[in-house]
Amino acid sequence: MKRFFSIVLALSMILSCFLFASCEKKRDEDDDWDDDTEDVSETEEDEDDKRTREEDSADRYTEEDEETEDKTAFKLGVICLHDEKSTYDKNFIDAVKKVQRELDLEDEQIIFKKNVPESKACYDAAEELVDEGCTVIFANSFGHEPFLLKAAKKYDDVQFCHATGTMAHTEKLPNFHNAYASVYEGRYLTGIAAGMKLKEMMAKDPTVIPKIGFVGSFTYAEVISAYTAFYLGVKEIVPEVTMEVQFTGSWYDEIGEKNVAKNLIENGCAVISQYSDSMGAPAACEEMGVPNVSYNVSNAAACPNTYIVASRIDWAPYLELICEKAMAGDAEDIPTDYVGTLETGSVALTEINESVAASDTEETVEKYEKKLKKGSLEVFDTQSFTVTASDDKNKNAATDANGVLISYMADVDTDSDFEADTEAVSQDGKSFEESKYRSAPYFDLQIDGITLLNAKF
């Protein structure tokens, strides 16, 4: 009997579950029926659209991920002769950091090698950068070139870019490049500012003589072009001016540069400028109360009583170019021999220190800058200077009876014998065509009005 009741109870439970499930199914069907059939269709379409969007999104994210991966895989190696203590090197380092911000590069994508001398140490630094995954390597000093070139020949899958060098256009390696800028135009403009100051000083004090001084490093064309352009800028304002140049035989020698500047001041030079990389010369000027035109950085804070203005190459446009080309897979389009200009933003002046500069300096400098940009003014206008040619000096020059330059064979295609190989005077005879046949300067004439107190090559 007990078993009979158990069987009845089990059958009752099964029947209850069946009836409950049937009711739930009918409720669901009724609910579906109550919905608009158009809504059901839209739901199905939404599901299809959602699925399509997810597939497109997956494809898009894959492409973006690949771009991000390519970007993060890029590394730039930078070889510097000195560190931030050198105004020359600081100018490069600041440009690299500016480009890093503009291109949103991570810190690990920029690798610096600082205080690398012009020796095999440069080749070793380049190899280390290759080992660290750099796809573009940039070196900033003239003497780095032969060692960087050797690395370029060994590692042909890496791009090597070099500032101030002369060999890329003759070596013709697809992965070796030179770059410079028409910085002589900036030097000329700072000469205008210095000339304005000298003219003001002479008007206020008759004992001031029209003589300026220049602290040089080496007697390379790069330095000669710079100090000659500066002198011609001053001469535009003060036609009777003369200039003395003394070399240190070093790119960076703070004590030596300071001593040279003091010597030039003691010789009666009323304004001092430089092609040297330390604060030695500006510091001497501040101590002795002599106006100074600097190079690469503003010295307004350190030398508030004597600093006028400075010129520099802004390396950011070039560095941005080579980084973008490399990241886009277009490294072969990096120019073999790049020349930055005022127009590209590669030639720049710092702010003018109005508390030291003569009145109307900014307006006058802007007027001459516009002329340079328009091409109505040439820095090395052959009518603006004269040349004395002899066997000992300017032997590759030819002049007319008045000393006006009519021909000059320049050493453009670098070789071991430094042979004069390129006519540098324009066909119309109106100008010396600096930076036309290669990026690095080749103006190495000694023009009248400039006296070299020594020579350090």
Please identify which of these residues, S182, S225, S273, meets the side-chain contact (heavy atoms from CB on, under 4.5 Å) condition with R187. S273

Please confirm whether the ring centroid of F443 lies under 6.0 Å from the ring centroid of Y184. no

Within 45° of the ring axis of Y123 and under 6.0 Å from its six-membered ring centre, is that where the NZ or CZ of K120 lies? no

Atom pair CZ/CG of R312 and L349 - distance to nearest 0.5 Å: 9.5 Å

Using salt bridge (charged side-chain N to carboxylate O under 4.0 Å, His left out), reason through E128 and K113 one step at a time and then give a plain yes or no. CA-CA 9 Å; E128 290 172 7; K113 298 288 184 182; 3.0 Å; yes

Just checking, is any N or O donor in the side chain of D253 or T248 under 3.5 Å from an acceptor N or O on the other one? no

Will you find, in the side chains of E118 and S141, an N or O donor that is under 3.5 Å from an N or O acceptor? yes

Rounded to the nearest 0.5 Å, how far does NE2 of H144 lie from NE2 of H162? 7.0 Å

Ignoring hydrogens and geometry beyond distance, is a side-chain donor-acceptor pair present between E351 and S298 at under 3.5 Å? yes

Honestly, is R438 close enough over Y180, meaning NZ or CZ under 6.0 Å from the six-membered ring centre and within 45° of the axis? no

Assess the side chains of D89 and S86: does a donor N or O sit below 3.5 Å from an acceptor N or O? yes

Tell me whether the rings of W315 and Y318 are parallel (<30°), tilted (30 to 60°) or perpendicular (>60°). perpendicular

Report yes or no: do D448 and T386 form a side-chain donor-acceptor pair below 3.5 Å? yes

Judged by modelled atom types alone, do Y307 and E286 share a side-chain donor-acceptor pair under 3.5 Å? no

Going by distance alone, is a donor N or O of one side chain under 3.5 Å from an acceptor N or O of the other, for S407 and E423? yes

Please determine whether a side-chain nitrogen of the Lys or Arg among K370 and E366 lies less than 4.0 Å from a carboxylate oxygen of the Asp or Glu. no

Any salt bridge linking K98 with D94? Criterion: basic side-chain nitrogen under 4.0 Å from a carboxylate oxygen. no

Any chance you could measure I406, atom CD1, to T399, atom OG1, to the nearest 0.5 Å? 6.5 Å

Between D444 and Y408: side-chain donor-acceptor atoms closer than 3.5 Å: yes

